[in-house]
Amino acid sequence: MEKAFDPRTVEPSWRARWEELRIGVADRDSPRPKYSIALPPPNITGVLHLGHAMGFSIQDTLARHHRMRGFEVEWCPGTDHAAIATQNVIERQLAAEGTTKEALGRDLFKARVDAWYEEYGGRIYEQMRALGFTCDWSRSRFTLDDGYVRAIRTAFKSLFDSGLIYRGPRIVNWCPRCLSAISDEEIDWQEQTDSLVHLRYPIDGGGDIVVATVRPETMLGDSAVAVAPGDPRYRDAVGRTVTLPLTGRRVPIIEDEAVQPEFGSGALKVTPAHDPTDYEIGERHGLPMISVIAPDGTMDVPDLPRFHGLPVEKARPEVLAALREAGAVVKEEEYVHEVGHCDRSGDVLEPLISAQWWVRMRELSEPAVAAVQSGQTTFHPRRYTDVYLAWMGNIRDWCISRQIWLGHAIPVSTCANGHTFAWIEPPASCPTCQCPELHNDPDVLDTWFSSALWPFAIFGWPEDTDDLRRFYPTDVCVTARDIIFLWVARMIFMGLRFTGTTPFADVIITSTVQAADGTRMNKSKGNAVDPLAMIEEHGADAVRAWAAAVGTGGQDVRFNRDRIESFRRFANKIWNATRFLVTRLDNGEGVMSAPADPPGVDELEPGDRWMLSQVAETVEAVNASLEAYRFHDAMDRLYDVTWHGFCDWYVEMIKPRLREDAPAGSRAAAAHTAITTLDVLLRLLHPFMPFITEECAQRLPGSLPSLQLRDWPQVAPGWREGLAARRGVDELLVLVQRVRALRDESGVPAGERHRLQLSGGDPDMTAEQRMRLLTSLIPVEVEENGDLNGGVSVVAGGLEARYHLAFGERELARSRRRLAELESAIDRLERQLATPAFTGKAKPEVVTEARRRLVEARREQSVLRAQGESQ
RNA sequence: GGGCGGGUAGCUCAGUUGGUCAGAGCGUCUCGCUUACACCGAGAAGGCCGCGGGUUCGAUCCCUGCCCCGCCCACCA
């Protein structure tokens, strides 16, 4: 074995091995219980960053863990066409080349897109492969696949035929660059400082009314002035009209509850065609919707040539100037507010009226709320449940049409006779009147409409396929919190609608990876980290272990190269521990088998039992952590027990026993314990760090072609018995540390032995055992002396230390203290519960809690007393 | 405006039913190339657990107020 672990030489062959063994490919007909995950399909807008790597690593950890536990694991991968995002990327590319998609034409544009998908789809796959993911590539899906398209059309038609999809003109979030509507969830709100302009509108017949706006240009489309109902300041004005400056249009003064009387002057100019609030006011009052801004973001006011055709940002000062000339401007003030931007292009959104396709949400959201409330799907961390419920609870209709080139065509046609219908296969004629003259809807679907079907569409829905029956619903969905609404929520209501069940039982929300400076990591800022670079530097295992260590704390995490590096060192540590044991135990015919028959209890020394009991605890702790999706706990624990418990303490303490001249029984027991421990640790670590663990496990006796074919470790009956010996050994280890510190402080030369006088200690440990353990770790001559009562001390010129092992005494003191604590707690609780003021007035749950605590405290008290008496 | 999360060693962060919970990694300092590992080992220093109240025998942990930081939601133009 090489002296240092080199991931680069090891990783490729294991990737190949896993593929040869078809580790990731799920067998539909296997008798094992299934465990399935639908990989959140990454957008093919570029390569994956560290955030993806984290979420995906966690999924692979789950997949590998469940395979070892005996599940037939289906982790289905795929990619998302991400229509609007990809189109933006390509368009930017074209712009850089000095051309446009229009100049290119549809066909060439499509070729361009396909080439992009090819290249980046491939690179994403390479990234995932590099991390050692065992997803089922045989079932890999792309949202533009034929079968997938069929699923989308089926879902669309079903919703359309049930009246849950409708088309209509409404106010939408319009992106003037994408030239498309977008949904509420795709708005990126940014704080912005603007000028709040107060305008005076003359009231017909005398007087005037002042309104405030940050968008004076929209006043060209005003169709009313609104005040709060009953506002005394405007009692006389309501019902009258004003004549708008510049347009000369007469509009009414109305009352509407949307108006906040405290804001500004308490009067609001109403522009229903260009403001969501105003739109609703307009609907309530039947106001005309006067569009003055065109889809390309320029003013559309042919009657006013001064402004017509100006881009909004140029029109604003121009209109303001005109208003000033007209004497309508009262004052201007700085104003900070949130402005919606397109989350793809970054442009300021222009609310405007447009005919779009919508999904009626009420009927879909109600079951989706109920499903989460009833626990059919659980969020981890739990607090995201409330986030989800709040959103789903007051959701508005979903705008699903996009006016872009790329994406799934809306499967709707209208015939010459005006029959509109949805279809699954492109029709030749109208199903109602057989008219062959059809007009297809020109829009495409919101990408998230297709993503919403992912967990069942990947398995062949709407067909009742074997895969669907076998692997759906999935078990968990691992994703980032910023797509809870965009994706997770929508999968839930679509799943309920089309399959009658939620698509996954658990949703794991991973940490968000920030750049080192705490800002958001994103490609355009250039601070995104490519996982491949980290793999190159530290190896795939290090990246994965890092992901597990920081991915599920529920807290955002800053990119920290040192942290990743620490796991590379950890891999090296594992490598070297293995290398040491394997070479030391190689008897010429291979590694000395951890004997087929484990040594009898008699042959195990206290240190061996100490180690095995820790192994038992580790298995249980890791199980509990994984059960609760607390990967960071599991990783921490494994790191600690492997490095410190095993390498630093155990391996060091058995070194003398591993020498060939050591007593055979003792040597066998140490070998058995060491190999057993290493084997269990490697298996526990494998889902997190598959490469290094495979590489090491291969060298141990009894290995299989892959750890993925081994069982998940279980605690063997004897291991826990070591718990009793633990305290005795632990006490010696504390002594070792104190002696080391003492030697360090006293400047004793490294090799020089000194005398150590001992008394006390675990009565079950012989003086011989105690001495062997100590001398394996520190250079001392041990002398047992029953009369010592002091701690460590230095005697005379040469070092001499005396130490009294307080075995049992510490526990006794602790138990006394605990008893005292319990007594006072019981005292207080009894007093509290005897007080009518408390039992009568406090909240019932508080009283119940107090009773429960009292019962618990009494129980613990009696247990401790019983223990005390037995000793 | 509402809600959520966070403020713990120089840095990045753990700390799940209030009582060995004051921890890890990195960094720093002092030793050590003892035949697994210098991608190492041993030892050490370092913290009013954001601030003020409160509950309690006891609070980093529970309640309350405040100060910062981040995020989400929201129709105040």
Side-chain angles (χ1 to χ4, degrees), chain A residues 1 3-5 189 196-197 211-215 218 226 258-271 275-281 335 337-338 351 381 383-384 386-387 390-391 394 481-482 484-485 512 514 516 518-520 538 542 549-550 553-563 565-584 624 628 630 632-633 636 639-640 644 647-648 651-652 655 736-738 740-745 747 749-751 777-779 810 814 817-818 820-825 827-829 832 849 852-853 856:
Chain A
M1 286 175 82
K3 194 169 172 185
F5 174 61
W189 291 98
L196 182 66
V197 184
V211 298
T213 180
V214 290
R215 303 203 50 193
T218 63
V259 180
Q260 308 292 318
E262 320 80 47
F263 188 89
S265 62
L268 169 70
K269 65 185 267 305
V270 183
T271 319
D275 182 280
T277 308
D278 294 7
Y279 178 81
E280 286 173 16
I281 296 175
Y335 183 64
H337 63 147
E338 300 257 306
R383 63 175 182 276
Y384 290 111
D386 294 332
V387 175
W391 181 79
N394 48 23
R481 67 155 179 268
D482 54 329
I484 291 177
F485 305 144
T512 300
Q514 300 171 338
T519 60
R520 197 183 184 79
H538 303 298
V550 301
Q555 200 49 38
D556 287 351
V557 51
R558 292 186 192 194
F559 168 66
N560 185 342
R561 182 182 258 96
D562 289 348
R563 192 81 197 273
E565 190 189 336
S566 77
F567 288 109
R568 183 195 71 200
R569 294 206 272 232
F570 181 50
N572 190 243
K573 190 73 182 174
I574 296 169
W575 172 265
N576 273 294
T578 305
R579 186 163 71 98
F580 171 71
L581 289 172
V582 163
T583 51
R584 190 54 71 86
R630 298 178 60 86
H632 57 295
D633 273 354
D636 279 356
Y639 182 99
D640 183 61
H644 301 116
C647 294
D648 288 347
V651 173
E652 289 305 320
K655 275 182 177 174
V736 166
Q737 286 177 302
R738 296 189 64 171
R740 281 172 178 167
L742 186 66
R743 288 173 59 94
D744 201 62
E745 286 158 19
L777 297 166
I778 37 176
R810 219 187 317 265
R814 191 164 150 196
R817 196 176 57 213
R818 184 68 189 150
E821 284 164 8
L822 286 170
E823 247 165 68
S824 63
D827 203 47
R828 175 178 58 90
L829 289 167
Q832 205 171 40
E849 175 68 11
R852 196 183 59 78
R853 286 182 174 200
E856 238 173 51

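First the proteins, then the strands, lettered A, B, ... as listed; each starts at 1. The structure presented is a predicted model; accordingly, all values stated were derived computationally and were not measured.
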S.K.: Any chance you could measure Leu777(A), atom CG, to Gln737(A), atom CD, to the nearest 0.5 Å?
M.R.: 10.0 Å
S.K.: Apply side-chain contact (heavy atoms from CB on, under 4.5 Å) to Ala212(A) and list each qualifying residue two or more places apart in sequence or on a separate chain.
M.R.: Leu196(A), His198(A)
S.K.: Go through the structure and list residues passing side-chain contact (heavy atoms from CB on, under 4.5 Å) with His337(A), not counting sequence neighbours.
M.R.: Asp194(A), Val214(A), Tyr335(A), Val339(A)
S.K.: With sequence neighbours left out, what residues match Asn560(A) under side-chain hydrogen bond (donor to acceptor under 3.5 Å, both in side chains)?
M.R.: none
S.K.: Mind calculating the distance between CG (Asp278(A)) and P (C76(B)) to the nearest angstrom?
M.R.: 11 Å
S.K.: Mind checking if Phe485(A) touches a base, just sugar-phosphate, or nothing, with heavy atoms under 4.0 Å?
M.R.: sugar-phosphate
S.K.: Between Leu822(A) (CG) and U56(B) (P), how many Å, whole number?
M.R.: 19 Å
S.K.: With a 4.0 Å cut-off on heavy atoms, is His538(A) in touch with a base, just the backbone sugar-phosphate, or nothing at all?
M.R.: nothing
S.K.: At under 4.0 Å between heavy atoms, what does Val387(A) touch on the DNA or RNA strands: base, sugar-phosphate, or nothing?
M.R.: nothing
S.K.: Expressed in whole Å, how much space separates the C1' atoms belonging to A74(B) and G3(B)?
M.R.: 10 Å
S.K.: Let's go through His632(A) and Arg630(A) carefully: what are the C-alpha distance in whole Å and the side-chain angles of both, what is the deciding distance for side-chain contact (heavy atoms from CB on, under 4.5 Å) to 0.1 Å, and is it a yes or a no?
M.R.: CA-CA 5 Å; His632(A) 57 295; Arg630(A) 298 178 60 86; 3.7 Å; yes
S.K.: How would you label the contact of Arg215(A) with the nucleic acid (heavy atoms, under 4.0 Å): base, sugar-phosphate, or nothing?
M.R.: nothing
S.K.: Under the side-chain contact (heavy atoms from CB on, under 4.5 Å) criterion, do Leu268(A) and Asp278(A) qualify, and how do the steps go?
M.R.: CA-CA 9 Å; Leu268(A) 169 70; Asp278(A) 294 7; 4.0 Å; yes
S.K.: Would you indicate which nucleotide in U20(B), A36(B), C4(B) comes nearest to any side-chain atom of Arg817(A)?
M.R.: U20(B)
S.K.: Sticking with atom C1', work out how far G27(B) lies from U12(B), rounded to a whole angstrom.
M.R.: 11 Å
S.K.: Categorize Glu821(A) for me: base, sugar-phosphate, or nothing, with a 4.0 angstrom heavy-atom threshold over every strand shown.
M.R.: base
S.K.: Strictly under 3.5 Å: I want the nitrogen or oxygen pairs between protein and nucleotides 28-34 of chain B, one per line.
M.R.:
none

S.K.: Quantified in whole Å, what is the P atom distance between nucleotide C13(B) and nucleotide U17(B)?
M.R.: 23 Å
S.K.: Could you go over nucleotides 11-15 of chain B and give all protein N or O partners under 3.5 Å, atom names and distances?
M.R.:
residue	atom	partner	partner atom	Å
U12(B)	O2'	Asn560(A)	ND2	3.3
G15(B)	OP1	Arg630(A)	NH2	3.2

S.K.: Write out the stems for RNA chain B, ordered by first number and formatted as range with range, counting runs of at least 3 consecutive Watson-Crick or G-U wobble pairs under 3.5 Å.
M.R.: B:1-7 with B:67-73, B:10-13 with B:23-26, B:28-32 with B:40-44, B:50-54 with B:62-66
S.K.: Quickly work out the Arg481(A) CZ to G5(B) C1' distance and round it to whole Å.
M.R.: 8 Å
S.K.: Between U64(B) and U55(B), how far is it from one P atom to the other, in whole Å?
M.R.: 15 Å
S.K.: I want to confirm an ordering. Mapping Val736(A) and Phe570(A) to their closest nucleotides on RNA chain B, which one lands closer to the 5' end?
M.R.: Phe570(A)
S.K.: Using whole Å, report how far CH2 of Trp391(A) lies from C1' of C73(B).
M.R.: 12 Å
S.K.: Looking at every non-hydrogen atom in both residues, tell me the closest pair between Ala549(A) and Arg563(A) and how far apart they are.
M.R.: CB-NH2, 3.9 Å
S.K.: Who are the side-chain contact (heavy atoms from CB on, under 4.5 Å) partners of Lys269(A), not counting sequence neighbours?
M.R.: Tyr201(A), Val211(A), Thr213(A), Thr218(A), Met219(A), Asp222(A), Thr271(A)
S.K.: Does Arg584(A) place a side-chain N or O at less than 4.0 Å from the phosphate oxygens OP1/OP2 of A36(B)?
M.R.: yes
S.K.: All N/O contacts under 3.5 Å from nucleotides 37-39 of chain B to the protein, with atom names and distances to one decimal?
M.R.:
residue	atom	partner	partner atom	Å
C37(B)	O4'	Asn576(A)	OD1	2.9
C37(B)	O4'	Asn576(A)	ND2	3.4
C37(B)	O2'	Asn572(A)	OD1	3.2
C37(B)	O2'	Asn576(A)	ND2	3.4
C37(B)	O2	Lys573(A)	NZ	2.9
C37(B)	N3	Lys573(A)	NZ	2.7
C39(B)	O2'	Asn572(A)	OD1	3.2

S.K.: List the residues meeting side-chain hydrogen bond (donor to acceptor under 3.5 Å, both in side chains) with Arg481(A), not counting sequence neighbours, and say none if there are none.
M.R.: Asp556(A)
S.K.: Would you measure the distance from the P atom in G58(B) across to the matching atom in G43(B) and give it in whole Å?
M.R.: 37 Å
S.K.: Could you work out the separation of G50(B) and G10(B) based on their P atoms and round it to a whole Å?
M.R.: 13 Å
S.K.: Return the value, rounded to whole Å, for the distance between atom CG of Asp482(A) and atom P of C73(B).
M.R.: 10 Å
S.K.: Just by distance, no angles: are the side chains of Asn572(A) and Arg569(A) close enough, under 3.5 Å, to form a donor-acceptor pair?
M.R.: no
S.K.: Of all residues at least two apart in sequence or in a different chain, which pass the side-chain hydrogen bond (donor to acceptor under 3.5 Å, both in side chains) check with Glu652(A)?
M.R.: Lys655(A)
S.K.: On a whole-Å scale, what distance lies between the C1' atoms belonging to C62(B) and G19(B)?
M.R.: 14 Å
S.K.: What nucleotide, of C76(B), A44(B), G19(B), holds the atom closest to the side chain of Ala741(A)?
M.R.: A44(B)
S.K.: Measuring from Thr512(A):OG1 to Arg558(A):CZ, what's the distance to the nearest 0.5 Å?
M.R.: 13.5 Å
S.K.: Go nucleotide by nucleotide along RNA chain B from the 5' end; which of Val651(A) and His337(A) gets its closest nucleotide reached first?
M.R.: Val651(A)
S.K.: Quick one: list whatever passes salt bridge (Lys or Arg N to Asp or Glu O under 4.0 Å) with Arg215(A), sequence neighbours left out.
M.R.: Glu217(A), Glu350(A)
S.K.: What class does the angle between the rings of Phe570(A) and Tyr639(A) fall in, given that below 30° is parallel, 30 to 60° is tilted and above 60° is perpendicular?
M.R.: tilted
S.K.: Would you kindly give the CH2-to-P distance between Trp189(A) and G2(B), to the nearest whole Å?
M.R.: 18 Å
S.K.: Looking across every strand, which nucleic acid part, if any, lies under 4.0 Å from Glu338(A) by heavy atom: base, sugar-phosphate, or nothing?
M.R.: base
S.K.: A14(B) and G25(B): how far apart are their C1' atoms, nearest whole angstrom?
M.R.: 10 Å
S.K.: Rounding to an integer number of Å, can you tell me how far Asp386(A) CG sits from G5(B) C1'?
M.R.: 13 Å
S.K.: Need one value for Ala825(A): base, sugar-phosphate or nothing, where a base atom within 4.0 Å counts as base even if backbone is also close, heavy atoms only.
M.R.: base
S.K.: Over how many whole Å does the gap from Asp562(A) atom CG to G25(B) atom P extend?
M.R.: 13 Å
S.K.: Run the side-chain contact (heavy atoms from CB on, under 4.5 Å) test against Glu823(A) and tell me which residues pass, sequence neighbours left out.
M.R.: Gln861(A), Arg865(A)
S.K.: Can you say whether the rings of Trp575(A) and Phe5(A) are parallel (under 30°), tilted (30 to 60°) or perpendicular (over 60°)?
M.R.: tilted
